[in-house]
Participant: 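One structure follows; several queries about it will come next.
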2 protein chains.
Amino acid sequence: MSTAAPRAIGPLPRRQMLADDVHEAIKALIMDNAIEPGARVSIDGLARQLGVSPTPVREALARLESAELVVKEPLRGYRTTPLLTREQLDDLYQFRLLIEPWAARRAAEHSDAEGRARLDAEMRSCATPADDTYDSYKALAAHDTRFHVLVAELAGSAQVRRAFERTHCHLHIFRLHYDRGLGEQTIAEHRRITRAVLDGDPGAAEAAMREHLEAACYERLRPVSEEAGGPTRG
Amino acid sequence: MSTAAPRAIGPLPRRQMLADDVHEAIKALIMDNAIEPGARVSIDGLARQLGVSPTPVREALARLESAELVVKEPLRGYRTTPLLTREQLDDLYQFRLLIEPWAARRAAEHSDAEGRARLDAEMRSCATPADDTYDSYKALAAHDTRFHVLVAELAGSAQVRRAFERTHCHLHIFRLHYDRGLGEQTIAEHRRITRAVLDGDPGAAEAAMREHLEAACYERLRPVSEEAGGPTRG
DNA sequence: ATCACTCAGATCGTGTAGGAAATTTCCTGT
DNA sequence: ACAGGAAATTTCCTACACGATCTGAGTGAT
């Protein structure tokens, strides 16, 4: 490999479209719960609010519809996706338990040095949130998203990565109840998964991920299910 | 090109919204390989062909972009998604092996009478294709899609069902090589899975699905690997 | 003579403005 | 209080203007 082959350097970020900015703006509105779940999203209203014409808003909403962040009712307009029911949240975590422990195992088995360095850097750069503010929780949610995406990437499966991203699970968790004061526990569990991946211990990585998801599931399903007093994990 | 008729591909049977019809029309064009993989898809061109203005075409393409049937290059237009590489096809089948055997097991365990009746009806209504024509293969692919979606539905997991649908695996398989003359084998394997589900035998259902996917994977990966005419590293 | 660069014209994507059709809301009459 | 209907709002599509990109020929340099 002496001569430098014309390898794809990578597409330089050429985003200068208004529709992209509108898309990001509306996505941010939904992610921040500035629009209530199930609320109507007016095309003209958004256009006026953002100071653009309806066309780019329409294009952005069409993309968000395929991403299942909004739903369209013909001739009636768009609505944000409603809150998840208890069954849907259960189904979501069942799906995560199906693909993510597998991804953690694969990450421990097959990830390269560069990927492990990125995972290590992510864990080093995230501080445990001290306070219980809105911004603090948002930072934790952002770290959580990056962490799980990173594990999927290290597993080397683009399909698993996309499947995880398309669940938008953090949006749904966030909307159901932002903040349960479990930031430290989450970080600790992430550290355990990271250690297993960096040590190249597939079994430990898979188990740690499964327990991480089960803990989050049981923690978060509790308020959705009734106040049925049951023994909660410590 | 002499016979390039830029006139209407077909009169759109108008539902409620024009954009929906345009969306279905473009989707059909891609699914039928009427547009080559990686080929440019002109907004104005499609609008002229379908006899509508560019706006609904743009909305349809925006939705297809989120579904990953087309990709957008800003200020340059849309292209259909390119052919899958060997690694991507491998990854796709790895993903299917992760979720579909699990779905088959769950279908055998938890499906109700109505769902099993639907599965039975699907298998009864599909005849083994006698000829090797294009239409015959399309009918087989349509049955295959319905069958796998049905198994995911019987498993009771909307997440798995959506994850499967969003892979568009039949489109990719179809584009890589439509028809390998394995219709009978496919149907036979579907019958075996169906029997296990109807009998309520989770282990047999899971195993049958896994073997079904592995058979398809090995059948279909072979021509791709041999295509380069030698061991290619890269 | 071959190659690289430049500069027109053509083509296409992007955004704006306006009008037709449908829905929702509110008001009126019984 | 309920049914019927009209105004207001909104969606949806068309038509047009602007800007960027692509294609090809022409010019100059090596």
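Note on naming: letters A, B, ... go to the chains in the order of the sequence lines (proteins, then strands), and numbering restarts at 1 for each one.
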Participant: Could you list the protein-to-nucleotides 21-25 of chain C atom pairs, N/O on both sides, closer than 3.5 Å?
Facilitator:
unit_1	atom_1	unit_2	atom_2	d
dT24(C)	OP1	Arg76(A)	NE	3.0

Participant: Return no unless some side-chain N or O of Lys72(B) is found under 4.0 Å from OP1 or OP2 of dC12(C).
Facilitator: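 False: Lys72(B) side-chain N/O out of range (4.0 Å or more) of dC12(C) OP1/OP2.
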Participant: Rounded to the nearest Å, what distance is computed from the NE2 atom of residue His23(B) to the C1' atom of nucleotide dC13(D)?
Facilitator: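 The distance from NE2 of His23(B) to C1' of dC13(D) comes to 18 Å, rounded to the nearest Å.
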Participant: Using 30° and 60° as the class boundaries, would you call the ring planes of Phe174(B) and Tyr137(B) parallel, tilted or perpendicular?
Facilitator: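 Phe174(B) vs Tyr137(B) ring planes: parallel.
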Participant: Distance check needed: dA15(D) C1' versus Ile43(B) CD1, whole Å only.
Facilitator: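 Value for this atom pair: 16 Å.
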Participant: Just to be sure I understand the geometry, which residues of residues 53-65 of chain A put a non-hydrogen atom under 4.0 Å away from DNA chain C?
Facilitator: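 Contacting residues: Ser53(A), Thr55(A).
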Participant: With sequence neighbours left out, which residue pairs that include part of residues 25-46 of chain B fulfil the salt bridge (charged side-chain N to carboxylate O under 4.0 Å, His left out) condition?
Facilitator: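 Sorted result for residues 25-46 of chain B: Asp32(B)-Lys138(B).
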Participant: By the salt bridge (charged side-chain N to carboxylate O under 4.0 Å, His left out) test, which pairs, at least two apart or in different chains, include something from residues 146-174 of chain B?
Facilitator: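 Only Glu68(A)-Arg162(B), Glu68(A)-Arg166(B), Arg118(B)-Glu153(B), Glu122(B)-Arg146(B), Glu153(B)-Arg161(B), Arg161(B)-Glu165(B) qualify under salt bridge (charged side-chain N to carboxylate O under 4.0 Å, His left out).
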Participant: Take atom CZ of Arg48(A) and atom C1' of dG15(C), then tell me their distance rounded to the nearest Å.
Facilitator: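 Computing the Arg48(A):CZ to dG15(C):C1' distance gives 18 Å.
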Participant: Within this structure, what is the CG-to-P distance between Asp44(A) and dC13(D), rounded to whole angstrom?
Facilitator: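 Rounding to the nearest Å, CG of Asp44(A) and P of dC13(D) are 14 Å apart.
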Participant: Looking only at the side chains, is there a donor atom on one of Thr81(A) and Arg175(A) sitting less than 3.5 Å from an acceptor on the other?
Facilitator: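 There is such a pair between these side chains.
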Participant: Would you say His170(B) and His148(B) are linked by a side-chain donor-acceptor pair, where the criterion is simply a distance under 3.5 Å?
Facilitator: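 Distance-only check fails for His148(B) and His170(B).
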Participant: Report the distance from atom OG of Ser66(A) to atom CG of Leu64(B), rounding to the nearest 0.5 Å.
Facilitator: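 Here the rounded value is 7.0 Å.
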Participant: Under the rule for side-chain hydrogen bond (donor to acceptor under 3.5 Å, both in side chains), what residues qualify as partners of His172(B), not counting sequence neighbours?
Facilitator: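 Here no residue qualifies.
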Participant: By side-chain hydrogen bond (donor to acceptor under 3.5 Å, both in side chains), which residues pair with Ser53(A), not counting sequence neighbours?
Facilitator: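 Scan of Ser53(A) (side-chain hydrogen bond (donor to acceptor under 3.5 Å, both in side chains), adjacent residues dropped) gives none.
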Participant: I want to verify a distance call: between dC13(D), dC12(C), dT16(C), whose nearest atom is closest to the Met17(B) side chain?
Facilitator: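 Closest nucleotide among those given: dC13(D).
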Participant: What integer distance in Å separates Leu18(A):CG from dA20(D):C1'?
Facilitator: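 It is 15 Å, rounded to the nearest whole Å.
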